[in-house]
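Data first, discussion second: the structure below is written as structure tokens.
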Amino acid sequence: MADKNLTAKDILQKEFSKSIRGYNTAEVDEYLDSIIRDYDSYQKDVAHLKSENERLMHKIEELSKQLSQAKHSTSTSAPATNVSNFDILKRLSNLEKHVFGQNIEVD
């Protein structure tokens, strides 16, 4: 980010040299006061956005860690099997026949 040359205090304390046909000092002071208010507002916005950015970066890191842990735990806890739904239904049918006897008709 680019460095700023002026602060609100610098603008407030700026003294201009006087000349015979110079600017209206009240008008210049009023305009500089307006600039100071804007400058302060921008500095507060930048500070707020920096802190929000930092918070979001920490949140991203936290969620990335959680995701990698979740991927690691699911890959180690559930081994891959090649059992299809048909195999499961066939086993269920055999269990029912064994438990309830041969009275179950198979279509």
Side-chain angles (χ1 to χ4, degrees):
M1 198 181 258
D3 291 333
K4 291 167 188 63
N5 294 327
L6 298 174
T7 64
K9 186 176 179 181
D10 293 337
I11 296 169
L12 179 63
Q13 294 177 346
K14 174 66 177 162
E15 292 288 328
F16 294 96
S17 58
K18 308 277 182 180
S19 69
I20 295 174
R21 295 186 178 238
Y23 295 106
N24 180 340
T25 29
E27 190 177 331
V28 171
D29 287 344
E30 184 180 319
Y31 186 72
L32 288 177
D33 288 343
S34 174
I35 292 172
I36 290 169
R37 284 190 298 275
D38 285 350
Y39 201 82
D40 280 337
S41 175
Y42 291 135
Q43 285 179 325
K44 288 176 186 175
D45 288 346
V46 167
H48 171 73
L49 292 172
K50 281 182 179 179
S51 67
E52 180 70 7
N53 188 36
E54 187 175 316
R55 184 187 70 80
L56 292 172
M57 293 301 283
H58 287 298
K59 186 70 173 177
I60 288 171
E61 287 177 22
E62 179 184 318
L63 292 174
S64 296
K65 287 178 186 177
Q66 288 177 4
L67 180 62
S68 68
Q69 288 174 353
K71 284 182 179 179
H72 179 69
S73 67
T74 56
S75 66
T76 57
S77 66
T81 59
N82 293 329
V83 178
S84 68
N85 286 342
F86 179 75
D87 293 331
I88 294 172
L89 289 174
K90 191 173 179 181
R91 287 180 187 175
L92 264 173
S93 176
N94 288 336
L95 281 172
E96 286 176 343
K97 285 180 186 177
H98 180 70
V99 171
F100 297 112
Q102 298 294 333
N103 297 339
I104 299 174
E105 295 181 22
V106 178
D107 291 328

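Count residues from 1 along the sequence. FYI, side chains are in, hydrogens and waters are out, and symmetry mates aren't considered; it's all heavy atoms of this structure.
- For S84, the side-chain hydrogen bond (donor to acceptor under 3.5 Å, both in side chains) test picks out D87, with sequence neighbours left out.
- Annotation: the span from S51 atom OG to E54 atom CD amounts to 7.5 Å, rounded to 0.5 Å.
- Note on Y42: it does not cluster hydrophobically with L32, by side-chain heavy-atom contacts below 4.5 Å among ILVMFWY residues.
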Donor-acceptor list for residues 9-16 side chains, cut-off 3.5 Å, not counting sequence neighbours:
from, atom 1, to, atom 2, distance (Å)
D10, OD2, T7, N, 3.1
D10, OD2, T7, OG1, 3.3

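- In this structure, CG in L95 is found 13.0 Å from NZ in K90, a value given to the nearest 0.5 Å.
- With sequence neighbours left out, the side-chain hydrogen bond (donor to acceptor under 3.5 Å, both in side chains) criterion links D38 to no other residue.
- Shown here are the side-chain contact (heavy atoms from CB on, under 4.5 Å) partners of R91, two or more places apart in sequence or in another chain: there are none.
- Remark: Q66 pairs with E62, L63 by the side-chain contact (heavy atoms from CB on, under 4.5 Å) rule, at least two apart or across chains.
- Here E52 pairs with R55, L56 under the side-chain contact (heavy atoms from CB on, under 4.5 Å) rule; sequence neighbours left out.
- Note: D29 CG to E27 CD = 10.5 Å, rounded to the nearest 0.5 Å.
- For the atom pair H58 NE2 and N53 CG, the distance stands at 9.5 Å (nearest 0.5 Å).
- Take L49 and apply the side-chain contact (heavy atoms from CB on, under 4.5 Å) test, not counting sequence neighbours, and it matches no residue.
- By the salt bridge (charged side-chain N to carboxylate O under 4.0 Å, His left out) test, E61 is found to be paired with no residue, residues two or more places apart in sequence or in another chain being considered.
- Think of M57 as one node in a network of Ile, Leu, Val, Met, Phe, Trp and Tyr side chains linked at under 4.5 Å; its network also takes in I60.
- More than 12 heavy atoms of other shown residues, nucleotides or ligands fall within 6.0 angstrom of atom CG in D45.
- The shortest distance between side-chain heavy atoms of R37 and S34 falls below 4.5 Å.
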